[in-house]
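Presented below is the structure to which this report refers.
Remember, it's 1-based here, ligands and their atoms both numbered in the order they're listed. Index from 1, following the sequence. Values below: all heavy atoms of this structure, side chains included; hydrogens, waters and symmetry mates excluded. Fair warning: this is a prediction, and the values are worked out from it, not measured in the lab.
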Amino acid sequence: MPVDFSGTWNLVSNDNFEGYMVALGIDFATRKVAKMLKPQKVIKQDGDSFYIHTTSTFRDYLLEFKVGEEFDEETKGLDNRKCKSLVTWENDKLVCVQTGEKKNRGWTHWLEGDDLHLELRCENQVCRQVFKRA
Ligand code: ECB
């Protein structure tokens, strides 16, 4: 059975989100609000087609892509940058490389037991998020 990330997921831990936001140049006031949030992810996966909607009381972010097909991403409501993004499988991990102004930018999703993990990378900062099924 191939891995299936589909479901509704609630954030339960968020390690070094502050460092990640600083690396993205997010201002102090926005960081102060953002780090209090407990975002939810709704993921719809159909094979290699993904819909990932991250929602919160402050801002939402929707990403749709197909694994293996590069696309233009604009991180609207986040750091508002444009990048070229490519998501690939590395075994059962979903790995995104976001090529643009910021070096070493990307993220990785994987399942571990009943938990959804997300590592967010920018420059020398790594944020580790864990989600549980709603
Ligand atoms: C959308 C909920 C978070 C809103 C935070 C608002 C302001 C902070 C500005 C920038 C911080 C950078 C990223 C926020 C962290 C998570 C949002 C989605 C990260 C992401 O790209 O997830 C991927 C993988 O699930 C799908 O887009």
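Counting the atoms of ligand 1 from 1 in the order shown, those under 4.0 Å from a heavy atom of Met21 are 8 (C), 11 (C). Atoms of ligand 1 lying under 4.0 Å from any heavy atom of Tyr20, numbered from 1 in the order shown and given with element: 12 (C), 13 (C). Against a heavy-atom cut-off of under 4.0 Å, Ile26 is close to the following atoms of ligand 1: 9 (C), 10 (C). Near Leu63, the atoms of ligand 1 lying under 4.0 angstrom from a non-hydrogen atom of the residue are 26 (C), 27 (O). Residue-ligand proximity, Leu24 to ligand 1, at heavy-atom distances under 4.0 Å covers atoms 12 (C). Atoms of ligand 1 lying under 4.0 Å from at least one heavy atom of Ile52, given by number and element, are 25 (O), 26 (C). Atoms of ligand 1 found under 4.0 Å from any heavy atom of Phe17, numbered from 1 in the order shown, are 14 (C), 15 (C).
The one candidate from Leu116, Asp4, Asp92 that meets the side chain to side chain contact (heavy atoms under 4.5 Å, CB included) condition with Leu111 is Leu116. Screening Gln98, Glu74, Glu101 for a side chain to side chain contact (heavy atoms under 4.5 Å, CB included) with Cys83, the sole residue that qualifies is Gln98.
The local environment of CG in Asp27 is crowded, with over 12 non-hydrogen atoms from other residues, nucleotides or ligands closer than 6.0 Å. Residue-environment remark: NZ (Lys82) stays at or below the threshold of 12 foreign heavy atoms within 6.0 Å. Residue-environment remark: CG (Asp114) stays at or below the threshold of 12 foreign heavy atoms within 6.0 Å.
To the nearest 0.5 angstrom, Lys66 atom NZ is 9.0 Å from Asp48 atom CG. To the nearest 0.5 Å, the span separating CD1 on Ile52 from CH2 on Trp9 amounts to 11.5 Å. Rounding to the nearest 0.5 Å places CD of Glu119 at 12.5 Å from SG of Cys96.
The option with the heavy atom closest to atom 21 (O) of ligand 1, from among Tyr61, Phe65, Phe131, is Tyr61.
Nearest to atom 5 (C) of ligand 1 among the protein's heavy atoms is Ala34 CB, 3.9 Å. Ranking the protein heavy atoms by distance from atom 2 (C) of ligand 1 puts Arg59 O, 3.6 Å first. For atom 22 (O) of ligand 1, the closest non-hydrogen atom on the protein side is Lys41 NZ, 3.2 Å. Nearest protein heavy-atom neighbour of atom 16 (C) of ligand 1: Leu120 CD1, 4.4 Å. With respect to atom 4 (C) of ligand 1, the closest heavy atom belonging to the protein is Leu37 CD1, 4.0 Å.
Of the N or O atoms in His109, one or more lie within a sub-3.5 Å distance of an N or O in ligand 1.
In Val33, neither the side chain nor the backbone holds a heavy atom less than 4.0 Å from any atom of ligand 1.
A continuous path of hydrophobic side-chain contacts links Leu120 to Leu78 [ILVMFWY only; heavy atoms under 4.5 Å].
No side-chain heavy atom of Leu11 sits less than 4.5 Å from a side-chain heavy atom of Phe17.
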